[in-house]
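Just below is one structure, and these are the notes that go with it.
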Amino acid sequence: MKICVLGAGALGCAIGGVLTEDGHEVWLVNRGQAQVDAMLQAGLTLRENGCDRQVAVHAATCCQDIGGTVDLVIVLVKSFHTREAIESARSIVGPHTVVLSLQNGLGHEDVLADVVGREHVLAGKTYAGGVMLAPGHVLVGTQGKETLIGELDGTLSDRVQTIAAAFNHAGLATTVSNNILGTMWDKLLVNVATGALSGITGLAYGDLYAVPEVEACAVAAVAEAMAVAQAAGIALTTTEPRQAWVKAADGLPAAFKASMLQSLEKGSATEIDYVNGAVVRWGAKHGIATPVNQALVACIKGIERRLPR
C-alpha cells in the first residue's frame, strides 16, 4: 500500500518504519524540519532490543510533497491538531482512501469525518509505543503490542481486514474489532493509568512502577473511568482497574516514557483534555464523580502553565 503517517513523531516513526521494512511505500509527515532532514539524510534509525538498524524512508513536512493520493492515512498527530492536520491532507485523500486514527483519547473520528466524510474513516487504538531519542532515531515498542482497528458501525469490512492483514504481516499485532467504542475506552483506561502520572512525576516507566503510591493513584483513576464507561453503557473487556496499569507497561523497556511526559519535556501542551479530561466530561454527563481524574487534570494544567510561551 501507499501509506501516509500524518504526525510522524516517535510512535508514527515506529509504526511507519516497520511498515516500510515490510515493503509498503510509507511517507512520514512531520512539521519539524530537523526530524525530516535527519530521516532524508541518514534514514530512520530504529532501536529495538538494544540494537539499532537503519531504514530508508520517505519523509516530508507537508502532504503536498507526497504527490497523488494514498491508500491509507494513519493519523497520529496530537489531538488538538487533528482538524488542522487532516485539512492539510485533503490533497492525498482520494475516493478510496482510508483515514485511520490511532490517536490517544476520544473524539478524533468525529473531527476527521467532518473534514473527509464518515465513509473514509476507521477508528483504532494501539498499545505500541515509541520514544524519540534524537531526530530520526526512535526507540521502538511495537513487538507484541496489540493494535485494534474497526469500522465505526462495527461491520467487518474487506478494507479493515485488508489493513489488519498488512499490519500483522509487518509485525504489528492487529485485531479487527466489532466494538470499536469499547476498544477505544479500553485503550483510554491504559492512558488514564500512566499518562498524567508520568507527566506529573517526570518518571520513565521503570521508576514510575516502583512507587506503590503511584500505582494506587493510577488504579483509582482507572476505577473512576470504568464507572463512567459502565454508566454510559460502554462494553469493556477490562474487568478490573489494575489490568490497565499492568497492560500499560507490558513489554515496554524501563526507559519508556509516556507520551504526556514526552510532550512536557519538549515544552509542548499535552493531550490531557482528551484522556483524563474526557473521563471528567463523560462523568459529569452521566452523573459519576471523578475527583482523582479531576486532580490529575489540574496538576497537568498547572505544569503546562509554567511552560515557556
Side-chain angles (χ1 to χ4, degrees), residues 1-7 11-12 15 19 24 69-77 79 81-83 85-87 89-90 92-128 145-170 172-192 225-226 228-239 244 271 273-275 278-279 281-283 285-286:
M1 290 188 290
K2 185 177 181 181
I3 301 169
C4 168
V5 178
L6 190 59
L11 177 58
I15 290 175
L19 287 169
H24 299 282
T69 60
V70 301
D71 301 304
L72 174 64
V73 180
I74 302 173
V75 183
L76 278 167
V77 297
S79 299
H81 290 315
T82 302
R83 183 174 295 276
I86 196 61
E87 289 278 8
R90 283 180 180 271
I92 64 171
V93 178
H96 303 293
T97 300
V98 177
V99 178
L100 168 65
S101 169
L102 290 178
Q103 297 156 284
N104 290 330
L106 298 175
H108 314 97
E109 292 73 22
D110 291 335
V111 176
L112 297 171
D114 188 47
V115 176
V116 301
R118 202 168 184 83
E119 69 277 8
H120 287 279
V121 179
L122 295 183
K125 292 298 166 187
T126 184
Y127 294 90
K145 304 298 289 185
E146 187 179 30
T147 296
L148 299 105
I149 63 176
E151 294 282 359
L152 298 178
D153 63 4
T155 58
L156 302 178
S157 66
D158 288 342
R159 67 179 185 175
V160 75
Q161 293 184 78
T162 296
I163 292 168
F167 280 22
N168 277 306
H169 195 269
L172 301 167
T174 303
T175 303
V176 176
S177 171
N178 60 2
N179 173 30
I180 200 63
L181 189 57
T183 295
M184 291 163 68
W185 268 88
D186 279 319
K187 177 63 192 325
L188 182 72
L189 298 180
V190 171
N191 295 135
V192 164
M226 291 180 69
V228 171
Q230 183 178 13
I234 305 297
L236 299 172
T237 61
T238 306
T239 57
E271 297 176 300
D273 288 330
Y274 298 84
V275 183
V279 174
R281 289 193 302 275
W282 279 61
K285 179 180 177 181
H286 293 281

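Computation of the quantities below employed the complete heavy-atom set of this structure, encompassing side-chain atoms and omitting hydrogens, waters and symmetry-equivalent molecules. Bear in mind the structure is a predicted one, so any value in this text is a computation, not a measurement.
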Quick one: does Arg118's side chain get under 4.5 Å of Asp110's, heavy atoms only?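 When only atoms from C-beta onward are counted, Asp110 and Arg118 do touch, with a gap below 4.5 Å.
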Would you check if Asp186 and Lys125 make a side-chain contact, meaning some heavy-atom pair closer than 4.5 Å? no
Using atom types as modelled and distance alone, determine if a side-chain donor or acceptor of [X] lies under 3.5 Å from a backbone N or O of [Y].
| X | Y | result |
| --- | --- | --- |
| Arg281 | Asp273 | yes |
| His24 | Met1 | yes |
| Lys187 | Asn104 | no |
| Thr174 | Leu172 | yes |

With Glu109, which of Ile180, Leu181, Val121 fulfils side chain to side chain contact (heavy atoms under 4.5 Å, CB included)?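 When Ile180, Leu181, Val121 are each tested with Glu109, the side chain to side chain contact (heavy atoms under 4.5 Å, CB included) holds only for Val121.
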Candidate list Leu148, Val176, Leu188, test side chain to side chain contact (heavy atoms under 4.5 Å, CB included), partner Thr183, passing option: Leu148
Counting only heavy atoms not in [X] (residues, nucleotides, ligands), do more than 12 fall under 6.0 Å from its [atom1]?
| X | atom1 | result |
| --- | --- | --- |
| His169 | NE2 | no |
| Asp153 | CG | yes |
| Gln161 | CD | yes |

What closest approach, in Å, do Ala170 and Leu19 show between heavy atoms, and which atom pair accounts for it? CB-CD2, 3.8 Å
Determine the minimum heavy-atom distance between Thr175 and Glu146, stating which atoms define it. OG1-OE2, 4.0 Å
Run the ring pair (Phe, Tyr, Trp, His ring centres under 6.0 Å) test against Tyr274 and tell me which residues pass, sequence neighbours left out.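 For Tyr274 the ring pair (Phe, Tyr, Trp, His ring centres under 6.0 Å) partners, ignoring immediate neighbours, are His108.
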Assess, by modelled atom type and distance only, whether the side chains of Glu271 and Ser79 contain a donor and an acceptor separated by less than 3.5 Å. yes
To the closest 0.5 Å, what do you measure between CG (Leu122) and CG (Leu72)? 8.0 Å
